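What follows is a single structure, written as structure tokens, with notes after it.
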Amino acid sequence: MKAVEIAEDVFWVGAIDWNVRNFHGYKTPRGTTYNAYLITGETNILVDTVKKPFFDQMVERIRSVIDPKDIGLIISNHVEMDHSSSLSLAQKMTGAKILASKRGVEGLSLHYDDLDVQEVQDGQEIRVGNLTLRFIETPMLHWPDSMFTFLVERGILFTMDGFGQHLASLKRFDDEVDPSVLDYESAKYYANILMPFGSQFLKTFEKVKGLPIRILATSHGIIWRRDPSKIISRYLSWANGETKEKAVIAYDTMWGSTQRMAELIAEGIASEGIETRLFRISDSDRSEIMTEVLDARAVVIGSPTLNNGPFPTVADFMVYLKGLRPRGKICGLFGSYGWGGGAVKALREQAEKAGMIMLDDLEIQYVPKGEKTEKCVNYGKMIGKRIKANEMKL
Ligand code: FEO
């Protein structure tokens, strides 16, 4: 297995995980990569490592360029174990010093007992041979410890989770892969990993916007070299909660009544000229639904009542949605109930905590038939009009 040169004296030496299908609850049908980078020079530098089972793959790629024992410095941009769990092996193999942010030093000590790690400051620059490394703390992208490292002379920003995608590929660059796949996997990654941290991304952007960035070297998936500003613009749009005229309806059903409501509401929304996507939660992957939620202006959630509460699959989805704190959305809730109801009320409490602007609910006893079908369509039309009004414009 060979390294891939990404710039003069800079090589990708990561690992490809073709088979991972669940990344802490996020479905990854296209696998992923754990990207590590080697910078060669007077002192050879390793930027991040890979998930421990892939350590040998990383070493083999390094060996295609230099003797791995000749690494003199390791930079740990992020403590999460998909990037740090090989650090102990790497330090034992090389004897190299490890550099991390202040929170990184703390975080690594809470994971491992045998690392020798030195702290670097936010904004600090170090000279290594004829190269300059600048460290930029980026808390919560995606953990408190996270930092970017900028290789000044090459214009390469090592962005760990930022701008990543779960996409296994033998291609390394954005101009070598299907752009529609890359766009989708980038959005999916942001929606399911980084969505709660939009305001932190905006602060990070202020720190890096003046840098002469040529390459965004991510820790997952493809490296951005053709036009890094394009993915940065998408991140700014997502972080600002920008949406389009689009609704996502996510529901589950017990005897088909809530499903019929969902379909009628969808017709009502679509009749206002709004792009409308419908998902039965138990037949869908929640990370796929969240990808559609990312740029939707309305999230409409339906649940039948079971034992005076929401259907378990819908409750699960609501917990996931709430944790990701979507910005700039309106939310409608609906459902069929038999006698006492309770699903919509319980969901409303959660949706309000998620920070969405709540619309009126729509509940129907048992089966939506006769005049009740019209009620569902009209509810959808109301949502469509509210989407067009764009009252959440930021
Ligand atoms: Fe890829 Fe937050 O780790």
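For reference, positions follow the sequence shown, starting with 1. As the structure is a prediction and not an experimental result, all values here were calculated from the model. Whatever order the structure lists them in is the order used to number ligands and atoms, beginning at 1.
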**Prompt:** How close do I16 and F54 get, heavy atom to heavy atom, and via which atoms?
**Reply:**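 The pair with the smallest heavy-atom distance is O-CE2, 3.7 Å.
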**Item:** Proximal protein heteroatoms (N, O or S) of atom 1 (Fe) of ligand 1, under 2.8 Å
**Value:**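 Sorted hits: D82 OD2, H83 NE2, D161 OD1, H220 NE2.
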**Request:** May I ask you to establish whether R134 and F150 are in a cation-pi arrangement, using a distance under 6.0 Å from NZ or CZ to the six-membered ring centre and at most 45° from the ring axis?
**Result:**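 Because its charged atom misses either the 6.0 Å distance or the 45° angle limit, R134 does not stack over F150.
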**Item:** Pairs flagged by salt bridge (charged side-chain N to carboxylate O under 4.0 Å, His left out) wherever residues 178-204 is involved - sequence neighbours left out
**Value:**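 Those involving residues 178-204 are R30-E185, D183-K230, D183-R234, K188-D285.
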**Set of side chain to side chain contact (heavy atoms under 4.5 Å, CB included) partners for K369, sequence neighbours left out** =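 So K369 forms a side chain to side chain contact (heavy atoms under 4.5 Å, CB included) with V367.
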**Request:** Name all residues meeting the side chain to side chain contact (heavy atoms under 4.5 Å, CB included) criterion together with M195; count only those two or more places apart in sequence or in a different chain, and write none if there are none.
**Result:**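 Checked M195 against side chain to side chain contact (heavy atoms under 4.5 Å, CB included); matches are Y190, A191, M290, L294, L324, P326.
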**Prompt:** Parallel under 30°, tilted from 30 to 60°, perpendicular over 60°: which one fits the rings of H166 and F23?
**Reply:**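 It falls in the tilted class, 30° to 60°.
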